[in-house]
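Note that the numbering runs from 1 along the sequence shown for the chain.
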Amino acid sequence: MTFPVIGMVGGGQLARMTHEAGIPLGIRFKLLSDTPQDSAAQVVGDVVVGDYRDLDTLREFARGCDVITFDHEHVPTEHLRALEADGIPVRPGPDALVHAQDKGVMRARLDAIGVPCPRHRIVSDPQDVAAFAAEGDGFPVVLKTVRGGYDGKGVWVVGSVEEAADPFKAGVPVLAEEKVDFVRELAANVVRSPHGQAVAYPVVESRQVNGVCDTVIAPAPDLDEGLALEASEMALNIAKELGVVGHLAVELFQTRDGRILVNELAMRPHNSGHWSMDGAVTSQFANHVRAVLDLPLGDPRPRAKWTVMVNVLGGDFPDMYSAYLHCMARDPQLKIHMYGKDVKPGRKVGHVNTYGDDLDDVLERARHAAGYLRGTITE
């Protein structure tokens, strides 16, 4: 018997860490990467450099793969349908993945299955944005291009009709949403297999800086047990109703009046689940591998009372390796995960995980390590 081959479309850090999770199981990976220098291309043995937007390239890449999965949602939906028609398992499949690719489709489907979301609708021009604002509490409102946005890109908070012009320049439909009055952002991460087995990780708090995830705390501190259960059940129901196979991240707003609303969906391993690499019995990456191969899923429970992940962003100090001596000596329990990326200001180049019984201590250790690696902390 030969071990299966997972075809991973996309060469970023998510592919790199998913590949790492498959190594102990003997799972082989084949990677479709934009360049040989991409994060995952540096570590995967079988790399094809090509354009994921080209159907012929995708078909050639899929030869010899037992299943196709992704580290991003940007492969054209019609190309995924063509692969399925060729008899190639695609997980998640196009009928599910389109809800992470197209925010308009996602909102319509979540409405249909009764999932609470911010007030929203597709708008046609700045004057329509003004009308949308007038239907609610007025400006500001949030505008999103329905496809292609991530990490704050493709998202605008506009305070007037004059400010609403830029989103329409992209030439794609624009979704308007109310600006939610929230106390914090949460994320519910679940994994589902083809035959319907599913597991839920603890609901986490996700803290953003300039539209980019900065810190994740697992589990979310002081979260009402009933609200945590509601969030997990909501995520599991979304995965079932949309037919998700693999990892699903449901990004949530916790509102000031005690509700939770769905902000975004991601059908792949997600930044809000990176803590699980060191803080859970089975990481999000290992469970994604298991799910796409239809293997029994692993235990998602936490190993410690608290786990904190802080992203390491690029700054003006490119030699991060020289900081290892200080970070490792200061905190022998620290876990550092670097992505092999060139250091550029604001770019995610790695993350750190810490864990323990005292949340303040765990937070301080993670923030210190990430800051020292970046060069913003020097002692």
Side-chain angles (χ1 to χ4, degrees), residues 73 77 80-81 92-125 128-150 154-158 164 167-168 170 172-190 192 196 198 200 203 206 226-268 270 272:
E73 292 101 346
T77 311
L80 301 181
R81 296 194 193 284
D95 291 339
L97 193 61
V98 68
H99 298 92
Q101 294 174 321
D102 190 304
K103 294 177 176 64
V105 172
M106 179 262 290
R107 286 288 182 230
R109 181 65 174 145
L110 294 184
D111 286 347
I113 62 176
V115 173
C117 298
R119 185 178 70 88
H120 61 272
R121 69 174 172 85
I122 300 294
V123 287
S124 57
D125 54 38
D128 200 16
V129 174
F132 173 82
E135 292 162 8
D137 297 325
F139 287 104
V141 299
V142 179
L143 300 180
K144 301 177 178 179
T145 52
V146 296
R147 285 182 177 256
Y150 66 96
V155 179
W156 296 261
V157 179
V158 299
F168 295 94
V172 297
V174 173
L175 178 72
E177 296 181 349
E178 65 172 311
K179 190 174 186 300
V180 176
D181 184 20
F182 63 90
V183 293
R184 59 177 170 175
E185 293 186 59
L186 304 171
N189 290 283
V190 299
R192 181 175 179 272
V203 177
S206 177
L227 205 60
L229 181 61
E230 179 185 343
S232 293
E233 290 180 342
M234 180 188 299
L236 289 167
N237 183 56
I238 291 171
K240 178 182 178 181
E241 291 290 336
L242 272 54
V244 176
V245 172
H247 185 271
L248 169 70
V250 181
E251 298 179 62
L252 302 161
F253 294 125
Q254 181 182 355
T255 67
R256 294 192 185 278
D257 57 4
R259 297 173 297 144
I260 51 174
L261 303 175
V262 172
N263 179 24
E264 302 277 2
L265 301 180
M267 294 182 193
R268 49 174 170 75
H270 191 257
S272 64

Inset, instruction - Calculate, to the nearest 0.5 Å, the distance between atoms OG and CG belonging to S272 and N189 respectively. - result: 3.5 Å
Legend entry - Nearest heavy atoms of F168 and V123, plus distance in Å: CE2-O, 3.6 Å
Legend entry - Residues that L227 engages under side chain to side chain contact (heavy atoms under 4.5 Å, CB included), provided they are two or more places apart: L223, D224, E230, Q254, I260
Inset, instruction - Report the distance from atom CD1 of I113 to atom NZ of K240, rounding to the nearest 0.5 Å. - result: 11.0 Å
Inset, instruction - Would you check if R109 and L265 make a side-chain contact, meaning some heavy-atom pair closer than 4.5 Å? - result: no
Legend entry - Non-hydrogen side-chain atoms of V250 and V115 separated by less than 4.5 Å: no
Inset, instruction - Flag the pair W156 / T145 as yes when at least one side-chain heavy-atom distance between them is below 4.5 Å, and no otherwise. - result: yes
Inset, instruction - Walk me through it: do K103 and L175 pass the test side-chain contact (heavy atoms from CB on, under 4.5 Å)? - result: CA-CA 7 Å; K103 294 177 176 64; L175 178 72; 4.0 Å; yes
Inset, instruction - Measure the CG-CG distance between N237 and L242 for me, rounded to the nearest 0.5 Å. - result: 9.5 Å
Inset, instruction - For E251, check side chain to side chain contact (heavy atoms under 4.5 Å, CB included) against everything at least two apart and list the hits. - result: N263, E264, H270
Inset, instruction - List for me each residue that meets side chain to side chain contact (heavy atoms under 4.5 Å, CB included) alongside A239, sequence neighbours excluded, and say none if there are none. - result: V190, R192, V244, L248
Inset, instruction - For D137, look at atom CG and say whether over 12 heavy atoms of other residues, nucleotides or ligands are found less than 6.0 Å away. - result: no
Legend entry - Validation row: D181, T255 side chains within 4.5 angstrom (heavy atoms): no
Legend entry - Check: P118 main-chain N/O paired with R107 side-chain donor or acceptor under 3.5 Å: no
Legend entry - Steps toward side-chain contact (heavy atoms from CB on, under 4.5 Å) verdict (F182, L252): CA-CA 10 Å; F182 63 90; L252 302 161; over 6 Å; no
Legend entry - Nearest heavy atoms of A228 and V203, plus distance in Å: O-CG2, 3.7 Å
Inset, instruction - Heavy atoms only: give me the nearest A235-A188 pair and the separation to one decimal. - result: CB-CB, 3.8 Å
Inset, instruction - Go through the structure and list residues passing side chain to side chain donor-acceptor pair (under 3.5 Å) with E73, not counting sequence neighbours. - result: R268
Inset, instruction - Apply salt bridge (Lys or Arg N to Asp or Glu O under 4.0 Å) to R121 and list each qualifying residue two or more places apart in sequence or on a separate chain. - result: D128, E135
Legend entry - Nearest non-hydrogen partners of R119 and A133, listed with the distance: NH2-O, 4.3 Å
Legend entry - Separation between CG of D95 and CZ of R81, rounded to the nearest 0.5 Å: 4.5 Å
Legend entry - Shortest non-hydrogen separation from A96 to G243 and the atoms involved: CB-O, 3.7 Å
Inset, instruction - Write down the atom of L143, the atom of A164, and the distance for their closest heavy-atom approach. - result: CD1-CB, 4.0 Å
Legend entry - Reported NE2-to-CD1 distance for the pair H99 and I238, which is rounded to 0.5 angstrom: 10.5 Å
Inset, instruction - Answer yes or no: is there a side-chain heavy-atom contact under 4.5 Å between V142 and V155? - result: yes
Inset, instruction - With sequence neighbours left out, write down each residue that passes salt bridge (Lys or Arg N to Asp or Glu O under 4.0 Å) with E233, or none if nothing qualifies. - result: none
Legend entry - Separation between CZ of R259 and CZ of F253, rounded to the nearest 0.5 Å: 11.5 Å
Legend entry - Flag side-chain contact, heavy atom, 4.5 Å: E177 against C117: no
